[in-house]
2 protein chains.
Amino acid sequence: MDTERRTPGQQVEQVRRFNRTVAEHVGVLHDQYLGGARPYGQARLLWEIGDTETHDVRSVRARHSGYISRLLRALEADGLVAVEPHPRDRRVRTVRLTDAGRTERAQLDARSQDLAGSLLHPLDPAQRTRLTAAMAEVERLLTASVVSVETLDPDHPDAVHCLRSYTAELGQLFDSGFDPDRTLLPDPGELRAPRGLFLLARLHGEPVGCGGLKLPADAPAEIKRLWISPQARGLGLARRLLSQLESRANDLGRKVVRLDTNRALEAATRLYRTSGYTEVPAFNDEPYAHHWFEKHLA
Amino acid sequence: MDTERRTPGQQVEQVRRFNRTVAEHVGVLHDQYLGGARPYGQARLLWEIGDTETHDVRSVRARHSGYISRLLRALEADGLVAVEPHPRDRRVRTVRLTDAGRTERAQLDARSQDLAGSLLHPLDPAQRTRLTAAMAEVERLLTASVVSVETLDPDHPDAVHCLRSYTAELGQLFDSGFDPDRTLLPDPGELRAPRGLFLLARLHGEPVGCGGLKLPADAPAEIKRLWISPQARGLGLARRLLSQLESRANDLGRKVVRLDTNRALEAATRLYRTSGYTEVPAFNDEPYAHHWFEKHLA
DNA sequence: TCCATTCTCTGACTCTAGTCAGGCAATAAG
DNA sequence: CTTATTGCCTGACTAGAGTCAGAGAATGGA
């Protein structure tokens, strides 16, 4: 694996070179596997409808514009999909694959698999391992790079979703369970300006993580509710939220941030230690905390 | 970096997942950077013509079919390219960018660069380094996987090209220079059936490496002229050619292959040692050899 | 009940990216 | 000098992938 130092300019060049090479290879792959007898648009739609699920045409339209009506007619004429009114709202229509549709989709699938195999085939086992590992890495980091972070009201449905997931997960992880009524910070107002703030991370629009910052007038800033959705772990998101919370605190004139955590949250504890936090004596009565940390901001 | 063992099926799945993710990201990149006011085909052509060179329309046509005439007219009408007859053969026409064309191409370039930057921007420095390193790895291995190897007559122009490059390179590398007349194997017939064989590696149709196998009736098989073009090094090609030569020898009933090499060729010597070759006493009078190796085939 | 909105479809149109056959001019081969 | 070939262009045609405006049916709200 290449570990040379690169300047930012060289890194941008590497990304562009990668885009060119990969667009060529993957593009060819993609086109060929979708490019049977069926035109691209139809094949893509067939693929998206998927094997088992039934989709509202409404939601498919959001990705394909009005043109899907025609695509659907074409697939319907060939007996690949069945379009039926939604049982509840008969304006909405639903699509699902017929048996013939599933057969044809399976062919696309086999084709895609063959072509993926054809990339691996000329390589020796060691190279295959390296290639797939590097692909996983690229995928992970590209995914990480499209995650956006925004400030959000802690009562927003997406924020509530994250906070609920957070407490649900703690309930499973802590030996003692987790009773939201016993913990400190019962009040979402503490994570809303001017008493604090709340950050939410999104991936393709879906909420995948959050972190809150309490800004009491008479005490150091305090980080609360730092949580990353299980599907979004391994992307370095927690570190990113943490550092954004710190820099927001710094911008607001705070010199110190602190936080508490439970011993069951090992990854979090490691994160704090490797992010410059040092363990300090308990600064609150949080019943679920085992470790208390603080960090002096630069 | 992920170094878990994967089964072949999991590897194929990883490649397909990669294709999906990357097609999405890179596709968006690609489309957006080419998708200014100008339609895709025109932008692509503008890009391919390049900043400085003058191209024969003939050679561009090979990639774009007859349709380029129209694309060229469109670009010409906008004053982006100049089309002129070739000074030598006035049937052939040449294209080059005008100043306006160079300006517009620079905008495409800037756009592409911005978008590559936007992938890196959300990442922290350690992640950027990891991403670009993984991208380089993927690029390298994907390139390796599209290299094809074929049996070719050693008098074929592409074979001759490789063999010339090989001797030219030895001339530079050896302290003593390299005089093709003094070395053994003056006869290309020795690398042609039934007395031997010759393998050529191609990348996108271009010859990028070769290797010969001598099959004397009264002696072990012997590997000769193993060479990889400088632009194609680091792809594991030499090892691939070597192992193909071995398996060809094996298929022809040979139990032992041997070869000689010069001490200046350190990478080659390392390759032989790590491929199961053991050093043996000189088995010929090759004046340019310092090491003699042999391997018993399984 | 009536009216506005939502969801979907269709006809008419457009643009891009081709293919194909034919034609013209320059050059190469005999 | 004639003929064949090469390279390029153009007109006529096509397919795919859309856009846009309008219409019709179902639903929700006042």
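Throughout, protein chains are lettered first and strands after them, A, B, ... in sequence-line order, and every chain is numbered starting at 1. Remember, predicted model here, so these are calculated numbers, not experimental data. Just so you know, these numbers use all the heavy atoms, side chains as well, and skip hydrogens, waters and symmetry mates.
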(request) Starting at the 5' end of nucleotides 22-30 of chain C, put B wherever the base has a protein heavy atom under 4.0 Å, S where only the sugar-phosphate does, and a dash everywhere else. (result) ----BS---

(message) If you assign A:Arg70 and A:His86 each to the DNA chain D nucleotide with the nearest heavy atom, which residue ends up on the more 5' nucleotide?
(response) A:Arg70

(request) Could you check how far CG of B:Leu72 sits from P of D:dG7, rounded to whole Å? (result) 16 Å

(request) Run through A:Glu190, A:Arg192, A:Arg225 and flag the one making a side chain to side chain contact (heavy atoms under 4.5 Å, CB included) with A:Pro154. (result) A:Arg192

(request) Report yes if some heavy atom in the side chain of B:Thr132 is under 4.5 Å from a heavy atom in the side chain of A:Val15; otherwise report no. (result) yes

(message) For the backbone of A:Leu199 and the side chain of A:Thr151, can you confirm whether one donor and one acceptor N or O come within less than 3.5 Å of each other?
(response) no

(request) Figure out the CG/P separation between B:Asp56 and D:dT6, and round it to whole Å. (result) 16 Å

(message) Looking at A:Glu76 and A:Arg93, is any side-chain nitrogen of the basic one under 4.0 Å from a carboxylate oxygen of the acidic one?
(response) no

(request) Measure from CG on A:Leu71 to P on D:dT19 and round the result to the nearest Å. (result) 11 Å

(request) Using only side-chain N and O atoms of B:Arg73, determine if any of them is under 4.0 Å from OP1 or OP2 of D:dT10. (result) yes

(message) Applying side chain to side chain contact (heavy atoms under 4.5 Å, CB included), can you list everything that pairs with B:Pro157, at least two apart in sequence or on another chain?
(response) none

(request) Check the distance between C:dT16's C1' and B:Ile68's CD1 and give it to me in whole angstrom. (result) 16 Å

(message) Within the 3.5 Å criterion, strictly below it, is a donor on B:Arg130 or B:Gln127 matched to an acceptor on the partner's side chain?
(response) no

(request) Give the rounded distance in Å between these two atoms: OH of B:Tyr67 and P of D:dA15. (result) 17 Å

(request) Could you state the atom-to-atom distance from CZ of A:Arg44 to P of D:dA17 in whole Å? (result) 8 Å

(request) Starting at atom CD of B:Glu76, determine the distance to atom C1' of D:dC8, rounded to an integer number of angstrom. (result) 13 Å

(message) Please tell me if A:Arg58 has a side-chain N or O lying less than 4.0 Å from either OP1 or OP2 of C:dC7.
(response) yes

(message) Output the rounded distance in Å from CZ (A:Arg93) to C1' (C:dT6).
(response) 15 Å

(request) Taking only Lys NZ, Arg NE, NH1 and NH2, and the carboxylate oxygens of Asp or Glu, determine whether B:Asp114 and B:Arg111 approach each other closer than 4.0 Å. (result) no

